[in-house]
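Beneath this line is the structure, given in structure tokens, with notes to follow.
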Amino acid sequence: MSKEKMTKAEAQAWVDSRVWANGWDCIADPTIDAVEFATQYAENKEIWDAMFKWLAETDPKTLTPGKIEIVPKRLWFNILEYTPKSAEDTKIESHKNYIDLQYTYEGNELMGLAHSVIPTGDYDPVKDKTNYRTEEKIDYVPADPKRFFLYFPADMHQPSVRSIDNPGVSHKIVGKIEYVK
């Protein structure tokens with residue numbers, strides 16, 4: 001794969017080839033921007049390879065909540081345990097400097113992508129986050145242990161939305177991957 005811009009079809013073929021997976025058996029959710037994934041992987045291959053290698057070699061059920069730093073300030077994982085909230089009580093967010101990998105390995109929740117949003121405050125550089133609201137429909141996809149999600153700076157996403165009234169506790173890995181501008 002070259003660092004030149006790929007077409008959507010070329011990028012999707014690259015994603016489907018799984019050359020990036022490093023032995024991790026989860027699939028990339030179809031909502032992932034394949035061109036952005038392929039481009040970021042090519043620009044920062046050593047970080048992505050380290051991430052997928054760690055995911056392939058780690059049993060998430062052995063992890064305790066907290067932060068695991070893989071490459072200082074470039075790649076880390078937050079191990080989360082929480083109860084998903086309703087869509088009305090869950091913020092829509094985006095990030096400028098890091099890509100989110102969202103992988104729910106236990107739980108009943110949805111991941112959402114919003115398309116028309118209004119910021120609810122200024123960008124927070126410490127949290128690398130802007131929050132939003134929308135009056136339009138959000139596209140939701142069930143999260144499950146067979147797939148992961150990637151959210152790039154252009155993706156206004158709403159993670160951790162409960163999929164049923166009493167969802168119980170979710171267990172998730174949120175990877176923070178350096179975004180190459």
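All residue numbers in this chain count up from 1 along the given sequence. Please read these numbers as outputs of a predicted model, since none were measured by experiment.
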Legend entry - Plane angle bin for W24 and Y103 - parallel if under 30°, tilted between 30 and 60°, otherwise perpendicular: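 Y103 and W24: perpendicular rings.
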
Inset, instruction - On the 0 to 90° scale, with breaks at 30° and 60°, tag the W48-F37 ring pair as parallel, tilted or perpendicular. - result: tilted

Legend entry - From CA spacing to verdict: side-chain contact (heavy atoms from CB on, under 4.5 Å), H95, D100: CA-CA 8 Å; H95 314 283; D100 267 7; 3.1 Å; yes

Any donor and acceptor pair, going by atom type alone, linking the side chain of [X] with main-chain N or O of [Y] inside 3.5 Å?
| X | Y | answer |
| --- | --- | --- |
| T120 | N131 | yes |
| S163 | L110 | no |
| Y105 | P60 | yes |
| Q158 | T90 | yes |
| D59 | K61 | yes |
| T130 | S94 | no |
| E69 | K73 | yes |
| Y140 | E109 | no |

Legend entry - Centroid-centroid under 6.0 Å between W20 and F148 rings: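 Between F148 and W20, which both carry aromatic rings, the centre distance is below 6.0 Å.
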
For a quick test of reading the model, state the closest non-hydrogen atom pair linking [X] to [Y] and the distance between them.
| X | Y | value |
| --- | --- | --- |
| A11 | M6 | CA-SD, 4.0 Å |
| A56 | G23 | CB-C, 3.6 Å |
| R133 | E135 | NH1-OE2, 3.0 Å |
| P84 | G168 | CD-O, 3.4 Å |
| A28 | V15 | CB-CG1, 3.8 Å |
| L75 | I47 | CD2-O, 3.6 Å |

Atom pair [atom1] ([X]) and [atom2] ([Y]), whose distance is rounded to the nearest 0.5 Å:
| X | Y | atom1 | atom2 | answer |
| --- | --- | --- | --- | --- |
| E106 | D144 | CD | CG | 12.5 Å |
| D124 | E93 | CG | CD | 11.5 Å |
| F52 | E57 | CZ | CD | 13.5 Å |
| I118 | I92 | CD1 | CD1 | 9.5 Å |
| Y98 | R74 | OH | CZ | 9.5 Å |
| H157 | D139 | NE2 | CG | 15.0 Å |

With a 4.5 Å cut-off on side-chain heavy-atom distances among I, L, V, M, F, W and Y, is there a chain of contacts connecting [X] to [Y]?
| X | Y | result |
| --- | --- | --- |
| V161 | V174 | no |
| I177 | I32 | yes |
| M111 | L101 | no |
| Y132 | L113 | no |
| M156 | Y151 | no |

Legend entry - More than 12 heavy atoms of other groups within 6.0 Å of K67 NZ: yes

Inset, instruction - Step through the shown structure and confirm whether more than 12 heavy atoms of other residues, nucleotides or ligands are within 6.0 Å of CG on D89. - result: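 Counting other residues, nucleotides and ligands, CG of D89 exceeds 12 neighbours.
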
Inset, instruction - Check the pair K45 / D49 against salt bridge (charged side-chain N to carboxylate O under 4.0 Å, His left out), numbers first and verdict last. - result: CA-CA 6 Å; K45 185 179 184 311; D49 285 347; 2.5 Å; yes

Inset, instruction - Start with the C-alpha gap between V35 and K5, add the side-chain angles, then the distance that decides, and say whether side-chain contact (heavy atoms from CB on, under 4.5 Å) holds. - result: CA-CA 8 Å; V35 172; K5 190 88 167 179; 3.7 Å; yes

Inset, instruction - Determine whether the side chains of D128 and Y123 contain a donor N or O and an acceptor N or O closer than 3.5 Å. - result: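 Note: D128 and Y123 side chains meet the donor-acceptor criterion.
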
Legend entry - Verdict with supporting geometry, V180 and Q40, side-chain contact (heavy atoms from CB on, under 4.5 Å): CA-CA 7 Å; V180 178; Q40 286 296 312; 3.7 Å; yes

Legend entry - Check: R162 and S86 side chains under 4.5 Å, non-hydrogen atoms: yes

Inset, instruction - With the side chain counted from C-beta on, respond yes when P30 and Q12 share a heavy-atom pair under 4.5 Å apart, and no when they do not. - result: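 P30 does not reach Q12 side chain to side chain.
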
Inset, instruction - Check step by step if side-chain contact (heavy atoms from CB on, under 4.5 Å) holds for L63 and F77. - result: CA-CA 11 Å; L63 301 172; F77 297 101; over 6 Å; no

Legend entry - Partners meeting ring-ring contact (aromatic ring centres under 6.0 Å, His included) with F152 (sequence neighbours left out): none

Inset, instruction - Under the side-chain contact (heavy atoms from CB on, under 4.5 Å) rule, collect the residues that match up with V141, sequence neighbours excluded. - result: D29, T31, R147, F149

Inset, instruction - Mind checking side chain to side chain donor-acceptor pair (under 3.5 Å) for R18 and listing every partner two or more places apart, or none if nothing turns up? - result: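 By the side chain to side chain donor-acceptor pair (under 3.5 Å) rule, R18 matches no residue at all.
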
Legend entry - Passing option when N97 is tested against K181, E178, K129, K176 for side chain to side chain donor-acceptor pair (under 3.5 Å):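 Output: one option passes, namely K181.
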
